[in-house]
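To start, the structure under review is shown below, and the notes come after it.
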Amino acid sequence: MKKLLFFLLTTQVWAQFNPEKPELCQGAFFTEDQAVKVHQQFGQLYTDKTSWEQRANLIRKGILEGMNLSPLPQKTILNPIVHSKKILSGECCL
């Protein structure tokens with residue numbers, strides 16, 4: 001029992017936060033104070049609807065390119081097959 005307890009305690013020490021490989025906030029991220037400043041700067045940059053829409057389109061384009069969805073794949077015709085009507089608890093489900 002003591003060996004098991006020792007093993008569990010020592011593995012918890014090894015499983016502590018590793019600053020070289022964090023589990024959350026990977027890459028560049030802001031502290032709360034930095035985030036407030038960035039939001040204030042964005043608030044000054046985009047004061048009208050057209051400038052904000054341009055920014056939103058730029059963000060959408062970046063997301064689609066990052067997901068390798070640019071250009072978007074062609075839409076295909078969906079042909080769902082509906083069969084086997086089932087009655088469950090008095091409700092009808094197809």
Side-chain angles (χ1 to χ4, degrees):
M1 183 69 171
K2 289 182 182 180
K3 289 182 182 180
L4 177 63
L5 182 60
F6 176 75
F7 176 75
L8 291 174
L9 290 175
T10 56
T11 55
Q12 289 300 318
V13 171
W14 289 326
Q16 295 298 318
F17 174 72
N18 181 359
E20 294 178 12
K21 190 176 179 185
E23 293 179 17
L24 297 175
C25 297
Q26 295 183 6
F29 57 93
F30 299 116
T31 63
E32 285 187 39
D33 294 332
Q34 292 171 333
V36 168
K37 290 178 185 176
V38 168
H39 283 244
Q40 289 172 348
Q41 290 172 350
F42 276 140
Q44 294 171 356
L45 289 175
Y46 306 107
T47 55
D48 60 337
K49 185 177 178 179
T50 57
S51 64
W52 177 247
E53 286 175 347
Q54 289 174 352
R55 171 76 177 156
N57 288 332
L58 183 65
I59 292 170
R60 272 189 215 98
K61 181 181 175 187
I63 291 172
L64 290 173
E65 287 177 358
M67 296 172 61
N68 292 324
L69 292 174
S70 181
L72 286 172
Q74 291 183 349
K75 293 185 178 183
T76 59
I77 299 173
L78 300 177
N79 296 320
I81 299 171
V82 180
H83 63 85
S84 304
K85 179 178 176 180
K86 298 177 184 177
I87 305 294
L88 303 173
S89 303
E91 298 176 6
C92 177
C93 300
L94 296 177

Sort and list the pairs that fulfil side chain to side chain donor-acceptor pair (under 3.5 Å) and have at least one residue in residues 66-77, not counting sequence neighbours.
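Non-adjacent pairs meeting side chain to side chain donor-acceptor pair (under 3.5 Å): zero.
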Side chain to side chain donor-acceptor pair (under 3.5 Å) between Asp33 and Thr31, intermediate numbers included:
CA-CA 6 Å; Asp33 294 332; Thr31 63; 5.3 Å; no
same_hphob_cluster([X], [Y]) at 4.5 Å side-chain heavy-atom cutoff:
{"X": "Met67", "Y": "Ile59", "answer": "yes"}
{"X": "Phe30", "Y": "Leu45", "answer": "yes"}
{"X": "Trp52", "Y": "Val38", "answer": "yes"}

Search all heavy atoms of Asn57 against all heavy atoms of Arg60 and return the closest pair with its distance.
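So the minimum-distance heavy-atom pair works out to OD1-NH1, 2.8 Å.
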